[in-house]
Structure formats: structure tokens, C-alpha cells
Amino acid sequence: KVNLPSNSNEMAQFQEVMRQQLESSMHAELEKLLGTAKGAKAEVSKKDFEGFRKLFHRFLQVKGPSVEWSKINRPPEDSIQPYDKIKAKGLPDNIADSLNKLVVVKLNGGLGTSMGCKGPKSLISVRNENTFLDLTVKQIEHLNKTYNADVPLVLMNSFNTDEDTKKILQKYTHHRVKIHTFNQSRYPRINKESLLPVAKDMAMTGENADVWYPPGHGDIYASFYNSGLLEQLIAEGKEYIFVSNIDNLGATVDLYILNHLVSQPNGKRCEFIMEVTDKTRADVKGGTLIQYDGKLRLLEIAQVPKAHVDEFKSVSKFKIFNTNNLWISLSAIKRLQEQNAMDMEIIVNPKTLDGDLNVIQLETAVGAAIKCFDNALGINVPRSRFLPVKTTSDLLLVMSNLYSLEAGSLTMSERREFPTTPHVKLGSSFTKVQEYLTRFESIPDMLELDHLTVSGDVTFGKHVSLKGTVIIIANHGDRIDIPAGSMLENKIVSGNLRILDH
């Protein structure tokens, strides 16, 4: 029989004892796991586990929601600058001097599974046989050649993507871009009930295949620092990194933002810039910037109390969202890591493994560290800097004539009369890239399209043109073949339409 505490003081002591017991159990389990690690990997795992211990310790300390809704304020006017104001400063005479202080970092830890592809997402072809990685290398090479500069590319891989990515990097040997990689940490998934690791040893395969995870992109600070690459780049005279998701095709190096960073007076150096853009109804879940305890802070939907979720999603109160294009000072990362002062809210991500085992993984987000940096700033950039490819619906947009491709960068075609992107919704028959590709003999002309919804077994012939709002619905058991050369403008197509060769 357990005697439960009778007053709040005793309760607090009881909780503290429970916390300490959980921590020492976790410590013992991690030591056991490390005992099974071999060679050079043991040293890496030791560093990973140090980071995990800190995260787990903080996870046990957290009481209640990480924000008090009543303390949330709108950011002060000058803390989010319009892009046009930054652009109005113009560019310096010697652009190469600014570029030589920059490193481009791409978050390359994700797999292409949500689009039905094996291996790293960055190796999916998105345009004219170019993969996400090809386009990134072309963009940076173009900068280096144009301005006679030396901007290196750094890829943050995860244990899921590292091997495949390294194999492919050989093809860029003769490109004018230095490419470095480092690995995100590998953390153990923990049993939701016991709060102990599910892993029995350090192996990655067999029954251990699902027991590890890369802990979100907030891990960039620690793993970049631990890899030794951060120190190396500082020694080479680099000052800032431009970080973005590798699947955001709008995240190219912006010379005006870079100039704003490097031209600041020393005492007022801005250590962190977050690119934000205006929210549309499609972005209601995106994290937003708020003022909290006198600091600029990222507020994610996961941190919002249930009663306020609708308010968070409203486009009128929170007008902007985080694109995850970030410009961060290297020396500031070094300082904060060494002072152990990097403070990011913990995201608890529940998962169910085979055999209905409920686990949780503790993650952090790179943008959440904004509150730790000095003179942090938001810049409200054009929507064109946010062009993520998460689904085949996004892929259709970037493969179409809505965009033109030059030196690895996609820009909206001048032939489109208005700058907004059409809303495209492809049904489940299009989810996997291979399947999607077989359904289009060629990508339709979409220059005048506003909205496209396709559902069911639908295929498109060559040279189809779509304009206005087009809805195509093949009911279960029906099939619709849109004939070659068709022009559909403000049409709903449903039922059965088969074009057969005779």
C-alpha cells in the first residue's frame, strides 16, 4: 500500500522523488545500451545520449503548458520588418565579401516515404530530372561562379539518409561548391508507460529498426557543434548560416537579407533572422511569432491550449507564419552551446510501433531557439520564398509551366497574370510519385488555373490545358481519361470517360 502525500508540499517532494527515480532508471538503461556500442560509433552515441539525457531531464521538469495565453502579445512593430524595407538598402559594391561569410545549411534528414519513395526525400526528381539536391547545388554553384565567391553547402543528414546521400555526393566532385555533411543525433524512442528506452542494444536493424529516431531539426545546434564542423567554419571566416528545409524550393540565398546581416554595427549585431510570410487559409497550422516575456518567440500549434486553437488559426490575429528559412550567427550558436543556454520547447511526438506498442519521441524545432539569440528579427518575405514540396499536389505545381527554372532557382512565370499559386488537390490515386507520373502523359498547361481537384482513377493525355476552377471526379469503379489536347475551363467532369485506341 502506498501512502499518498496529503498536502501540496509533500506532493511536490513525492513528485521530485519519482522524477529522480525515473532519471536514474533512464541513466542505467542508457549505460547498458552504450555498453553494446562498438568502435568509433560508441563515442558518437555517447555524445548523442548526453543530449538525450538533457532533453529527458527537461521533459520531466515541465509542468503544464509552455505558454500562458494571457501573456502572449503581438510582436512590436520594428521586430518584424517588411522585406521591401530590407531590399531598399540595396547591395554593397563587393557582394563576394558578404557571400564569403555565409554557409548554406539544408535540413536533409527526411525520407520520401510520404510520397511513396524509398531513400532520402532530397533525391526525388522535381523538375527536368533534377532532384532537390541537384537544384540546391546548382543554385550555390551559380552564386560562387557569378560573384567569384566561396559559399559552402552543409547537409544535416539523419541516420536514415546519411549513407544514400554520401553515395550520391560523388557526382558533384567537379562542381564549384564545397559540400560538407554532419549527422543529426540518434535518440531512443521511449515506452509511453515505463518512460524507458524500447531498444535492447545499439543495433539499427532487425527488431531494433523502429526504436531510434532523429530528434527534430532543433537538434541542429548540438549536432553541428558536436561534429566539429561549426568550429572549422568559424576558423575559415564564416559568420552566418542560412538554414532551410531541402524540400522548400523557394529558399534560395537572398543577397538583400545577407547584406542586412553583415552590415549591422557591431554592438547591435542581429544574431537570428526568421523569414515569415503572410498566412493564407492553407497555412493555419504554421508556427507564428509572438512577444513573450519581452522576447520574440515562436509559437507552434502544439503549444496552444485547446481552448485557443481556433484563435491561433485565425488569419486576423496571427497574420504571419514561420517559413523555416533562418539566418543564424555561427559565433552565437557556439556561445549558446558552450553556456548550455539553448532553450527550446519540447515537442512530445506520440507514435505506435508494430505490435501496438505506444512510444513517445522527444523533439525540438530549430526556430524555437529564436528567444535565446540577441537582436532577433523577423522579416516578412514574399510568398515566393516558401515553396515546399510535401505532396504530389505540390510537385505538380513545380513541374508545370507556372514556374521557370534558371540556375537551379524556380520563379513564377511572367506569363501568369497574378502572383498567387493555384490550389491543387490530387486524390489518393496520385499519392505515390511513381503512380502520379503514370497518370500524366505530359504536365498540363496551368498558367490560368485557380483551383484543381482530382479524385479517383483519372489520367491526363498530352497537352491538356486547365483554366479557372476544374474539378474531376471518377467515382469508385469508373475511370476518366482526359483526352490529349483538351482545354478545360471552369468545368466539373464526373462519371465515366474512357478514350480507347481502336
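- Side-chain atoms of Lys89 and Asn259 form no donor-acceptor pair, as typed in the model, at a separation below 3.5 Å.
- Annotation for His180: atom NE2 counts as buried by contact number, over 12 foreign heavy atoms lying within 6.0 Å.
- Between Asn248 and Asn324, the side chains place no donor N or O within less than 3.5 Å of an acceptor N or O (distance only, hydrogens not considered).
- Once rounded to the nearest 0.5 Å, the distance linking CG of Leu298 with CZ of Phe321 reads 12.0 Å.
- In terms of heavy-atom proximity, Pro214 sits nearest to Phe159 at N-CE2, 3.7 Å.
- Considering only heavy atoms from C-beta on, Phe224 comes within 4.5 Å of Leu233 through its side chain.
- The side chain to side chain contact (heavy atoms under 4.5 Å, CB included) search around Val44 returns Asp48, not counting sequence neighbours.
- By the 6.0 Å contact criterion, CD on Glu414 is open, its count of non-hydrogen atoms from other residues, nucleotides or ligands being 12 or less.
- Under the 4.5 Å side-chain criterion, counting only non-hydrogen atoms from C-beta, Lys351 is not in contact with Tyr213.
- Applying the 6.0 Å contact sphere to NZ of Lys46 captures no more than 12 heavy atoms from other residues, nucleotides or ligands.
- Considering Ile246, Ile328, Val243 as possible partners of Val105, the one that fulfils the side-chain contact (heavy atoms from CB on, under 4.5 Å) test is Val243.
- Heavy atoms from other residues, nucleotides or ligands lying under 6.0 Å from CD of Glu31 number more than 12.
- Within the model, atoms CD1 of Ile86 and CG of Leu377 stand 6.0 Å from one another, a figure rounded to the nearest 0.5 Å.
- Residues forming a side chain to side chain contact (heavy atoms under 4.5 Å, CB included) with Leu22 (at least two apart in sequence, or on another chain): Leu60, Leu195.
- With a 6.0 Å radius and a threshold of 12 heavy atoms from other residues, nucleotides or ligands, Met204 has its CE atom above the threshold.
- A salt bridge is defined here as a Lys NZ or Arg NE, NH1 or NH2 lying under 4.0 Å from an Asp or Glu carboxylate O, and Glu271 with Arg335 meets this definition.
- With hydrogens and angles left out, the side-chain atoms of Gln264 and His260 include a donor and acceptor closer than 3.5 Å.
- A donor-acceptor contact under 3.5 angstrom links the side chains of Asp134 and Tyr172, judged on distance only.
- Asp150 and Asn100 form no side-chain donor-acceptor contact under 3.5 Å, judged by distance and modelled atom types alone.
- Between Asp97 and Lys101 there is no salt bridge, since no side-chain nitrogen of the basic residue lies less than 4.0 Å from a carboxylate oxygen of the acidic one.
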- Decide side-chain contact (heavy atoms from CB on, under 4.5 Å) for Thr252 and Phe242; before the verdict, give the C-alpha distance in whole Å, the side-chain angles of both, and the deciding distance to 0.1 Å. CA-CA 9 Å; Thr252 56; Phe242 170 49; 5.9 Å; no
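- Between Arg176 and Asn148, the side chains place a donor N or O and an acceptor N or O closer than 3.5 Å (distance only, hydrogens not considered).
- Counting non-hydrogen atoms of neighbouring residues, nucleotides and ligands closer than 6.0 angstrom, the CD atom of Glu163 reaches no more than 12 such neighbours.
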- Task: May I have the step-by-step check of side-chain contact (heavy atoms from CB on, under 4.5 Å) for Leu449 and Leu402, ending in yes or no?
- Result: CA-CA 9 Å; Leu449 179 71; Leu402 282 164; over 6 Å; no
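- Between the side chains of Tyr83 and Glu275, not a single donor N or O lies within less than 3.5 Å of an accepting N or O.
- What you find for Leu353 and Arg189 is that their closest heavy atoms are CD2-NH1, 3.6 Å.
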- Task: Take Thr277 and Arg385, measure what side-chain contact (heavy atoms from CB on, under 4.5 Å) needs, and give me the verdict at the end.
- Result: CA-CA 8 Å; Thr277 194; Arg385 293 196 52 76; over 6 Å; no
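- Pro197 has its side chain within reach of Met26: a pair of non-hydrogen atoms, C-beta onward, lies under 4.5 Å apart.
- Contact check for Ser98 versus Pro92: side-chain heavy atoms found under the 4.5 Å cut-off.
- Between Tyr240 and Ile273, every side-chain heavy-atom pair lies at or beyond the 4.5 Å cut-off.
- Residues that satisfy the side chain to side chain contact (heavy atoms under 4.5 Å, CB included) test with Asp343, not counting sequence neighbours, are Arg58, Lys371, Cys372.
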- Message: Working note: Tyr225 + Leu336, criterion side-chain contact (heavy atoms from CB on, under 4.5 Å); need CA distance, chi angles, decisive distance, verdict.
- Response: CA-CA 10 Å; Tyr225 180 82; Leu336 290 165; over 6 Å; no
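- Residues Val154 and Ile241 form no side-chain contact, since every pair of their non-hydrogen atoms from C-beta on lies 4.5 Å or further apart.
- Inter-residue side-chain proximity for Leu153 and Lys106 is flagged as met; some heavy-atom pair is nearer than 4.5 Å.
- In this structure, the separation between CD1 on Ile290 and NZ on Lys295 is 14.0 Å, given to the nearest 0.5 Å.
- Classification of Lys71 and Asp293 as a salt-bridged pair holds, one side-chain N sitting under 4.0 Å from a carboxylate O.
- Ion pairing between Arg19 and Glu16 holds under the 4.0 Å rule for side-chain N and carboxylate O.
- Atom CD1 of Ile257 and atom CD1 of Ile379 lie 4.5 Å apart (nearest 0.5 Å).
- Taken to the nearest 0.5 Å, the NE2 atom of His217 stands 11.0 Å off from the OG atom of Ser244.
- To the nearest 0.5 angstrom, Leu249 atom CG is 12.0 Å from Thr411 atom OG1.
- With a 4.5 Å cut-off on side-chain heavy atoms, Lys279 and Phe318 count as touching.
- Between Asp247 and Lys390 a salt bridge is recorded (basic side-chain N to carboxylate O distance below 4.0 Å).
- Heavy atoms of other residues, nucleotides or ligands lying less than 6.0 angstrom from NZ of Lys425 number 12 at most.
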